[in-house]
Amino acid sequence: MLDQIHWLAAVTVLGVLEQAYFFLQVIYARRLFGISPPKISGPPEFERIFRAQVNSSEYFPIFLALLWQAGLFFHQGLAAALGLLYLYARYCYFMGYKASSSERLAPIYFSAGVLWILIAVSALGILHYFLSHYVGLNVLQFLTA
């Protein structure tokens, strides 16, 4: 069983580490700009870092659910590769947003595209599972025949 999920687990750990890095960036920015919790407003430089972290953490559960569904029901390797692309896009998003609000756009669109691909792959995998296990229709055999 573990050989079927080890890449998904590795990407999950990388994602958690990325989230931790984003959290630390907010802590450093709070210290740099003298903004004590619970305040969330300050200079634009702080607010961009804070928003980048919050936006990334809001999408993280969606990403994890799709990563694991795509990996378990479709293909672990493809899901892990898409997961790495997503994490890289999120890192670029964070760094771009940190520099300027306009620099976040290309990475956010790219990461959203990766999520849509994960949705499609997950849905196809789950549909194939239901068709093969409950209807007895193996779509893969049908397509290759």
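Given the structure is predicted, the values throughout are model-derived calculations rather than measurements. Residue indices begin at 1 and follow the sequence shown.
Of all heavy-atom pairs between I49 and A29, the closest is CD1-CB, 3.9 Å. Smallest separation of non-hydrogen atoms from A70 and V121: CB-CG1, 3.9 Å. Closest heavy-atom contact between A89 and P107: O-CB, 3.5 Å. Here the closest non-hydrogen pair linking L8 and L72 is CD1-N, 4.2 Å. Scanning both residues, R48 and A99, for their nearest heavy atoms gives NH2-O, 3.2 Å.
Membership of an apolar cluster is not assigned to F23, as no side-chain contact below 4.5 Å to another ILVMFWY residue is traced. The hydrophobic cluster around Y28 extends to L24, I27, counting ILVMFWY residues whose side-chain heavy atoms fall within less than 4.5 Å of a member.
E58 meets the side-chain contact (heavy atoms from CB on, under 4.5 Å) test with R51, V54, N55; sequence neighbours excluded. Partners of T12 according to the side chain to side chain donor-acceptor pair (under 3.5 Å) rule, which considers only residues two or more places apart in sequence or in another chain, are W68. Scanning for side-chain contact (heavy atoms from CB on, under 4.5 Å) contacts around V16 gives F60, with sequence neighbours left out. Residues passing the side-chain contact (heavy atoms from CB on, under 4.5 Å) test with V13 are L17, sequence neighbours excluded. In terms of the side chain to side chain donor-acceptor pair (under 3.5 Å) criterion, residue partners of S100 (sequence neighbours excluded) are, by chain and number, S102. Judged as a side-chain contact (heavy atoms from CB on, under 4.5 Å), and not counting sequence neighbours, the contacts of I119 are L66, W116.
Pairs passing the ring-ring contact (aromatic ring centres under 6.0 Å, His included) check and including a residue from residues 86-115, sequence neighbours excluded, read F22-F94, F63-Y86, Y93-Y97. Annotation: side-chain hydrogen bond (donor to acceptor under 3.5 Å, both in side chains) contacts involving residues 74-83, sequence neighbours excluded, are absent.
Counting only heavy atoms from C-beta outward, the side chains of V26 and R30 approach each other to under 4.5 Å.
If you take CD1 on I126 and CG on L131, they are separated by 12.0 Å, rounding to the nearest 0.5 Å. Atoms CG and OG, from L127 and S132 in turn, are 9.5 Å apart once rounded to the nearest 0.5 Å. Interatomic distance, L78 CG to I117 CD1, rounded to the nearest 0.5 Å: 8.5 Å. Note that CE of M95 is 6.0 Å distant from CD of Q25, once rounded to the nearest 0.5 Å. Between the NZ atom in K98 and the CD atom in E45 there is a gap of 11.5 Å [rounded to 0.5 Å].
The hydrophobic clustering, which links ILVMFWY residues whose side-chain heavy atoms are closer than 4.5 Å, places F74 and L85 together. One hydrophobic cluster, built from ILVMFWY side chains closer than 4.5 Å, holds both L124 and V114. Residues W7 and L64 are members of separate hydrophobic clusters, defined by side-chain heavy-atom contacts under 4.5 angstrom among Ile, Leu, Val, Met, Phe, Trp and Tyr.
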field: Evaluation steps, side-chain contact (heavy atoms from CB on, under 4.5 Å), between I35 and F50
entry: CA-CA 11 Å; I35 300 171; F50 181 78; over 6 Å; no
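Not one N or O on the side chain of E47 forms a donor-acceptor pair closer than 3.5 Å with the backbone of S41. With hydrogens and angles disregarded, a donor-acceptor distance shorter than 3.5 Å links the side chain of S111 to the backbone of I108.
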